**Q** 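After the structure tokens below, expect a handful of questions from me.
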There are 2 protein chains.
Amino acid sequence: MSISLEKNRSTVNTISVMIVEDDKRTREMHVATLNGVEDVDCVGAYESAEDAFKGLAKDIPTVLLMDIGLPGMSGIEAVRKIKEEYPTIEILMLTVYDDDEKIFNSICAGASGYILKNAKKDELIESIRGILHGAPMSPLIARRLLNLIREKTTPQEELLTLSPRERKILELLVEGLSEKKIGEKLFISPLTVHTHIKNIYAKLHVHSRAAAISKAVKNKLL
Amino acid sequence: MSISLEKNRSTVNTISVMIVEDDKRTREMHVATLNGVEDVDCVGAYESAEDAFKGLAKDIPTVLLMDIGLPGMSGIEAVRKIKEEYPTIEILMLTVYDDDEKIFNSICAGASGYILKNAKKDELIESIRGILHGAPMSPLIARRLLNLIREKTTPQEELLTLSPRERKILELLVEGLSEKKIGEKLFISPLTVHTHIKNIYAKLHVHSRAAAISKAVKNKLL
DNA sequence: AGAAAAATACCCTAATCAGGGTATTGTATC
DNA sequence: GATACAATACCCTGATTAGGGTATTTTTCT
């Protein structure tokens, strides 16, 4: 009976975890932490994304702990590839730096959660359990993510100094129209369009259509 | 002694809350809930954003509960204006619908958190306390937000058909570099760059740099 | 080893753009 | 009624781009 119970624990209710982390000490510490928990099973510990791919061919874990700053293929790149091939794996990013930009990019790449490397044992285990129950990040990180989204979607000053006509023309530039087409669309001379565009460049401090468009799209998104 | 303790509670540690919600029943229910908690003080309950602005001229609450679907000025619009004038107020959005797009837009407008209208009493109180301690949303909503970000930033099919070199060149186009500059940067002939760009246009089904850039930026942001 | 994909390089021409001007008209705002 | 700004229109020139080719080398995958 006790055997069947034991078997149950390790096959049915066990969370299998794989870790990818280049720093040996950190890696081994986490492996020890994981194996110290009854219903968690560490099925692999690798020092690079490349090695992890080999490991994934054998074992597909429930949760993958991924260092964000790996040598060779970066953790973010790795997430993208792993999620493509094994979309069901929940990926939890590990990092020493709490770099907002990296949090954001990891999430875009497909990471489900995020935890600081210096997290305590309990926090690590709780994050792993949390990710499986829809709680993908610590409250603090959630707050930072909100701020980041807000920044990324707030138009900048520069765009606000444009006159209504200039904004309209910039909008059409973004759609990919030529000066001639814009003139036709707005019933004005292409030469006038040209003048407006020159003024737009001056206000946005750019010297090419390309730069103007990417600035416009990046700064108001949506 | 007990008096000074009481005073402490209601002036130093009290969380002042204002609510803006057009549905009378819901509004009064929440007011009752709030006033049922010792260290929470409801300083105003309004049925429209316009009324709330008048209220804000008198009392500035710590936390503002804002219905997302108000008649007149929408909750999202209201958040934008309120945050502009009173940036320290923490705003918690209330809604019956769990509309991903609205969550996202509220956050962009400046909301710090989000709670469903049918939340239980305890959940409401916990969300209010949570927002003040950096926990801006329920785990479930955090998860949905992640998915939403991912969707919004996932490149489309077309961008994925580009070769690595083509992607790199597109990236430099987005930065506003000319063909010549790109050639210099990548140590290849500008003629080669030209060839790559032609291939990029073909794959993206566009016929101008402008269209390519706006497609690139819109489809992967960043 | 051989096929396929990617990256490289070049030629050509018409079209478009960038940036430097100047100038007129209407509409606010003070 | 003066000043400021937005919108309109034009001239000019050199630089850049778009789109049509062809062709070789390198990488990658089988």
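Everything quoted here is computed from the prediction, not taken from an experiment. In what follows, chains carry the letters A, B, and so on, assigned in the order in which the sequence lines appear, proteins first and then strands, with residues in each chain numbered from 1.
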**Q** Judged by atom type as modelled, is there a donor-acceptor pair below 3.5 Å linking the side chain of A:R27 to the main-chain atoms of A:E21?
**A** yes
**Q** So if I define the base as every atom that isn't primed, P, OP1 or OP2, how would nucleotides 7-25 of chain C read as a B/S/- string at a heavy-atom cutoff under 4.0 Å?
**A** SBBB-----SSBBBB----
**Q** Counting N and O atoms only, with roles assigned by atom type, does the side chain of A:S16 sit under 3.5 Å from a partner on the main chain of A:T62, one being a donor and the other an acceptor?
**A** yes
**Q** Taking the side chain as every heavy atom from C-beta outward, state whether B:P61 and B:L56 have any pair of such atoms under 4.5 Å apart.
**A**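 B:P61 reaches B:L56 side chain to side chain.
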**Q** Does some side-chain heavy atom of B:L132 sit less than 4.5 Å from a side-chain heavy atom of B:V63?
**A** yes
**Q** Between B:T195 (side chain) and B:L191 (backbone), is there a donor-acceptor pair under 3.5 Å?
**A**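 Yes.
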**Q** Heavy atoms under 4.0 Å is the rule here; annotate nucleotides 25-30 of chain D 5' to 3' with B where the base is hit, S where only the sugar-phosphate is, and - elsewhere.
**A** ------
**Q** Do A:R209 and A:E179 come close enough that some side-chain heavy atom pair is under 4.5 Å?
**A** yes
**Q** Is there a salt bridge (charged side-chain N to carboxylate O under 4.0 Å, His left out) between A:K181 and A:E184? Walk through the geometry before answering.
**A** CA-CA 5 Å; A:K181 296 266 183 194; A:E184 283 165 15; 5.0 Å; no
